[in-house]
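Below, all heavy atoms of this structure are taken into account, side chains as well, without hydrogens, waters or symmetry copies.
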Amino acid sequence: MSPVPAAALLGLASLGVAAVWVMLSMRLDRQCSWMAAVAAVDAALVVRLLRMRPGAVRAMCGVLATLLAILAANWVIVATWLGRHMGLLPWESLLKLGPELGTLLVRLFNSPADLLWMAAALAAAALASR
C-alpha cells in the first residue's frame, strides 16, 4: 500500500481508539490512562495489517500512531471536562480551548502513574510494531 493511504488509515485507527478512550473516561469519570496500552496494541496491529515492511519505519509509525491517540484523547478529555462545567457541548469546548490552558489542564489531569502508562505504551508500541 502506498504511504499516504496507509498513514490516513493509521491516523483514523488512532483517532478511533482515542474516541473510545474519551467515552470510557467520561463514563468512569477517570483518566483511564491504561487505554494508552490499548492504543499501542491497536497501532501494532494496524501497521501489520497494512503490510508495512518490518523495521525502524514501521516501529516509528506505530509509536507515532500511539502518540496521536494519547495526545488526541487527553486533549478531548480536558475539553469535554471543561465544557461540561461551562455548559458547552464537547465539540464547542474543543474549538474554544486554547493551547496554554489546554496544556496546563492536561498536565494537571495526569498523575505520575498516568504518565508511566503512556510512556510504557510508547515503548510497547515501538517493540510490537517493529
Side-chain angles (χ1 to χ4, degrees):
M1 181 175 274
S2 65
V4 174
L9 288 173
L10 192 56
L12 187 62
S14 295
L15 293 178
V17 170
V20 172
W21 185 348
V22 170
M23 288 188 291
L24 186 64
S25 179
M26 291 298 107
R27 177 71 176 120
L28 298 177
D29 201 26
R30 297 193 182 276
Q31 193 67 0
C32 298
S33 293
W34 53 268
M35 281 293 292
V38 175
V41 170
D42 179 66
L45 287 173
V46 171
V47 294
R48 290 173 191 272
L49 287 173
L50 290 173
R51 298 179 189 242
M52 297 177 77
R53 289 191 180 129
V57 173
R58 187 165 90 173
M60 185 177 12
C61 287
V63 169
L64 289 176
T66 304
L67 184 62
L68 174 64
I70 289 170
L71 293 176
N74 274 283
W75 194 264
V76 176
I77 288 168
V78 164
T80 303
W81 177 84
L82 188 61
R84 182 186 299 169
H85 292 287
M86 296 178 69
L88 297 171
L89 295 171
W91 49 87
E92 292 172 337
S93 177
L94 189 63
L95 295 173
K96 294 181 184 212
L97 183 63
E100 294 87 12
L101 180 60
T103 304
L104 175 67
L105 289 175
V106 166
R107 285 193 325 217
L108 290 173
F109 269 48
N110 289 306
S111 69
D114 295 324
L115 297 176
L116 186 62
W117 271 110
M118 292 176 210
L122 291 172
L127 289 173
S129 297
R130 60 185 170 100

* Minimum heavy-atom distance between Pro90 and Thr80, given as atom pair plus value ->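 In terms of heavy atoms, the two residues are closest at CB-OG1, 3.7 Å.
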* Closest heavy-atom contact between Val47 and Gly62? ->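 For Val47 versus Gly62, the nearest heavy atoms are CG1-N, 4.1 Å.
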* Asked: Within the side chain of Asn110, is there an N or O that forms a donor-acceptor pair under 3.5 Å with the backbone of Val106?
  ->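 Yes, the answer is positive, given that a donor and an acceptor are paired below the 3.5 Å cut-off.
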* Asked: When rounded to the nearest 0.5 angstrom, what is the spacing between CD in Glu100 and OG1 in Thr103?
  ->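 One finds 7.5 Å between CD of Glu100 and OG1 of Thr103.
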* ILVMFWY cluster, Val38 and Met118 together (side-chain gap under 4.5 Å) ->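 The answer is yes; both residues are in one hydrophobic cluster.
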* Check against side chain to side chain contact (heavy atoms under 4.5 Å, CB included), Leu49 and Leu9 -> CA-CA 10 Å; Leu49 287 173; Leu9 288 173; over 6 Å; no
* **same_hphob_cluster(Val4, Met52) at 4.5 Å side-chain heavy-atom cutoff** =>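 Unlinked, Val4 and Met52 end up in two clusters.
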* Ignoring hydrogens and angles, tell me if any N or O in the side chain of Arg130 forms a donor-acceptor pair with the backbone of Ala59 under 3.5 Å. =>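 Flag not set: sc Arg130 to bb Ala59 has no pair under 3.5 Å.
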* Polar side-chain atom of Ser93 near backbone of Ala79 as donor-acceptor pair, under 3.5 Å ->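 Such a contact is found between Ser93 side chain and Ala79 backbone.
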* Heavy atoms, side chains only, cut-off 4.5 Å: are Met86 and Leu82 in contact? ->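 Met86 vs Leu82: side chains touch.
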* To do: Please check if atom CZ in Arg48 has more than 12 non-hydrogen atoms from other residues, nucleotides or ligands closer than 6.0 Å.
  =>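 Atom CZ in Arg48 is crowded, with more than 12 foreign heavy atoms closer than 6.0 Å.
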* Asked: Between Ala43 and Leu10, what is the shortest heavy-atom contact and its length?
  ->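 The pair with the smallest heavy-atom distance is O-CD1, 4.2 Å.
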* Asked: How long is the span from the CG atom in Leu116 to the OG atom in Ser111, to the nearest 0.5 Å?
  ->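 Leu116 atom CG to Ser111 atom OG measures 9.0 Å (nearest 0.5 Å).
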* **Distance, nearest 0.5 Å, that separates CG of Asp29 from CG of Leu24** =>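 Spacing of CG (Asp29) from CG (Leu24) equals 11.5 Å.
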* What's the shortest heavy-atom distance between Gln31 and Asn74, and which atoms? ->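 Here Gln31 and Asn74 meet closest at NE2-OD1, 2.7 Å.
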* Asked: Are Leu15 and Val22 connected in the hydrophobic side-chain network, where two residues link if heavy atoms are under 4.5 Å apart?
  ->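 The answer is no; the residues belong to distinct hydrophobic clusters.
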* To do: Inspect the surroundings of CH2 in Trp117 and state if more than 12 heavy atoms from other residues, nucleotides or ligands are less than 6.0 Å away.
  =>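 No, not enclosed.
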* Asked: Does Phe109 belong to the same Ile/Leu/Val/Met/Phe/Trp/Tyr cluster as Met26, with side-chain heavy atoms less than 4.5 Å apart forming each link?
  ->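 Hydrophobic grouping puts Phe109 with Met26.
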* To do: Identify the two heavy atoms, one from Ala65 and one from Ser14, that lie closest to each other, and give their separation to 0.1 Å.
  =>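 Minimum heavy-atom contact is O-OG, 2.9 Å.
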* To do: Can you measure from CG (Leu94) to CH2 (Trp75) and round to the nearest 0.5 angstrom?
  =>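 Separation between the atoms: 8.5 Å.
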* To do: Kindly say whether Ser25 contributes a backbone atom to a donor-acceptor pair with the side chain of Arg30 at under 3.5 angstrom?
  =>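 Checking the backbone N and O of Ser25 against the side chain of Arg30, no donor-acceptor pair under 3.5 Å is found.
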* Asp114 side, atom CG; Trp34 side, atom CH2 - distance, nearest 0.5 Å ->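 With rounding to 0.5 Å, CG (Asp114) is 12.5 Å from CH2 (Trp34).
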* Mind checking whether Trp21 and Val76 have side chains closer than 4.5 Å, heavy atoms only? ->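 No, too far: nothing below the 4.5 Å cut-off.
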* Path from Leu101 to Val78 over hydrophobic side-chain contacts below 4.5 Å ->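 Yes, because Leu101 and Val78 connect within a single hydrophobic cluster, where side-chain heavy atoms sit under 4.5 Å apart.
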* Nearest heavy-atom neighbours spanning Ala121 and Thr66 ->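 Result for this residue pair: O-CG2, 4.2 Å.
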